[in-house]
Trainee: 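Encoded as structure tokens, here's the structure I'll be asking about.
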Amino acid sequence: MLFDSHMRTLLEASVALVNALTDGEARGRGYLAPEGAERVGAVRALLNADADLGPAAADHLAATARSLRTVFEAVADERLDEAAHALNALLRESGARPQLDRVAGEPWQVHFHGADDSYAVGWSAGCATGLAMAIGGDYAGRLGVCAAPRCDRVYVDLSRNAGRQFCSTACQNRVKAAAFRARRTGEEI
């Protein structure tokens, strides 16, 4: 197992925030991140947040997502120094620090934010720490940007063989279908 369940949750949240809250291309089409009330709704859905999440928290997490995107892109381009500097800045900004917290009826858990930090700061600190643990733990190669044309969505490769190249099966199928069509066209000539 590469990551424990808490680390996996933080990495998956990082991917979800980047893919939902940053502009770019997704599955062959332009993608504009939601704004305003739609952004608040998107964050609530992504993180299973309660109704108290407001626009300021959603905007904070959108800014975090843009910072996290630079990390994924730097890692994908093998610019690990740049990724580390970006993560260190985010760790400082969020005040990330390990601490044991306990919720009633649950065992102690390591969190990377203070009990008094806001919801958005807590997720920012956790996501930054999760990516830092991946890069610092020699798992940088598990972070990626989709290899499909016209898609820049990110992913964390949790497979055993570290062979993932696409953000989704939709992109993988798009690339396979295009390759099939290209071979077929080449055969007919």
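Just so it is clear, the values below take in all heavy atoms, side chains as well, and ignore hydrogens, waters and symmetry mates. Heads up: numbering here begins at 1 and tracks the sequence.
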Trainee: Can a donor-acceptor pair be found, under 3.5 Å and without considering hydrogens, that links the side chain of Arg44 to the backbone of Leu53?
Mentor: yes
Trainee: With a 3.5 Å distance limit and no angle check, can you tell me whether Asp23 reaches the backbone of Ala33 through a side-chain donor-acceptor pair?
Mentor: yes
Trainee: Would the distance check show the side chain of Arg164 and the main-chain N or O of Cys167 forming a donor-acceptor pair, the cut-off being under 3.5 Å?
Mentor: yes
Trainee: Would you give the length of the straight line joining atom OG1 of Thr129 to atom NE2 of His113, rounded to the nearest 0.5 angstrom?
Mentor: 9.5 Å
Trainee: Working to the nearest 0.5 angstrom, can you tell me the gap between Ser14 OG and Leu131 CG?
Mentor: 4.0 Å
Trainee: Answer whether the closest heavy-atom distance between the side chains of His60 and Ser124 falls below 4.5 Å.
Mentor: yes
Trainee: If you measure from CZ on Arg102 to CD on Glu106, what distance do you get to the nearest 0.5 Å?
Mentor: 9.5 Å
Trainee: Measure the shortest side-chain to side-chain distance between Arg8 and Leu158 over non-hydrogen atoms and say whether it is less than 4.5 angstrom.
Mentor: yes
Trainee: Given the rule that I, L, V, M, F, W and Y join up when any side-chain heavy atoms are under 4.5 Å apart, are Leu46 and Phe72 in one cluster?
Mentor: yes
Trainee: Check for a donor-acceptor pair, side chain of Asn19 on one end and backbone N or O of Val154 on the other, with a separation under 3.5 Å.
Mentor: yes
Trainee: Cys151 and Ala26: which non-hydrogen atoms are nearest, and at how many Å?
Mentor: SG-CA, 3.9 Å
Trainee: Donor-acceptor pair, Arg174 side chain versus Pro149 backbone, under 3.5 Å?
Mentor: yes
Trainee: Could you tell me whether the side chain of Asp157 and the main chain of Gly163 form a donor-acceptor pair under 3.5 Å?
Mentor: yes
Trainee: Do the non-hydrogen side-chain atoms of Arg153 and Arg27 ever get within less than 4.5 Å of each other?
Mentor: no
Trainee: Taking all atoms of both residues into account, what is the closest heavy-atom pair of Val110 and Pro98, and its distance?
Mentor: CG1-CB, 4.4 Å
Trainee: Donor-acceptor pair, Tyr155 side chain versus Leu143 backbone, under 3.5 Å?
Mentor: no
Trainee: Are Arg29 and Glu25 close enough, and set up right, to give a salt bridge (Lys or Arg N to Asp or Glu O under 4.0 Å), and what steps lead you there?
Mentor: CA-CA 5 Å; Arg29 296 190 173 111; Glu25 294 181 306; over 6 Å; no
Trainee: Indicate the atoms forming the closest heavy-atom contact of Ala128 with Leu87, along with that distance.
Mentor: O-CD2, 3.6 Å
Trainee: Do Leu10 and Trp123 come within less than 4.5 Å of each other through their side chains, counting heavy atoms only?
Mentor: yes
Trainee: Between Phe166 and Val75, is there a shared hydrophobic cluster once you connect ILVMFWY residues whose side-chain heavy atoms come closer than 4.5 Å?
Mentor: no
Trainee: Of the non-hydrogen atoms in Arg142 and Ala162, which two are nearest, and what is the gap between them?
Mentor: CZ-CB, 3.5 Å
Trainee: Given the rule that I, L, V, M, F, W and Y join up when any side-chain heavy atoms are under 4.5 Å apart, are Tyr139 and Leu90 in one cluster?
Mentor: yes
Trainee: Hey, mind stepping through Asp117 and Arg97 against side chain to side chain contact (heavy atoms under 4.5 Å, CB included) and telling me if it holds?
Mentor: CA-CA 11 Å; Asp117 286 341; Arg97 63 209 174 271; 3.4 Å; yes
Trainee: Decide yes or no on side chain to side chain contact (heavy atoms under 4.5 Å, CB included) for His6 and Phe112, but give the supporting numbers first.
Mentor: CA-CA 11 Å; His6 187 61; Phe112 302 100; 4.0 Å; yes
Trainee: Within the 4.5 Å heavy-atom criterion, are Asp101 and Gln109 side-chain neighbours or not?
Mentor: no
Trainee: When hydrophobic residues are tied together by side-chain contacts of less than 4.5 Å, even through go-betweens, does Met7 share a cluster with Leu100?
Mentor: yes
Trainee: Is the shortest heavy-atom distance from the side chain of Asp152 to the side chain of Arg69 under 4.5 Å?
Mentor: yes
Trainee: Using the side chain to side chain contact (heavy atoms under 4.5 Å, CB included) definition, which of the options Thr70, Leu68, Thr64 pairs with Val18?
Mentor: Leu68
Trainee: Can a donor-acceptor pair be found, under 3.5 Å and without considering hydrogens, that links the side chain of Ser94 to the backbone of Leu91?
Mentor: yes
Trainee: For residues Thr22 and Arg66, is any side-chain donor paired with an opposing acceptor at under 3.5 Å?
Mentor: no
Trainee: With a 4.5 Å heavy-atom cut-off, do Ile135 and Val71 have their side chains touching?
Mentor: yes
Trainee: Begin with the C-alpha distance, continue with both residues' side-chain angles, and end with the deciding distance and a verdict on side chain to side chain contact (heavy atoms under 4.5 Å, CB included) for Val156 and Glu12.
Mentor: CA-CA 7 Å; Val156 174; Glu12 288 172 347; over 6 Å; no
Trainee: Can you find a pair of side-chain heavy atoms, one from Leu61 and one from Leu47, that are under 4.5 Å apart?
Mentor: yes
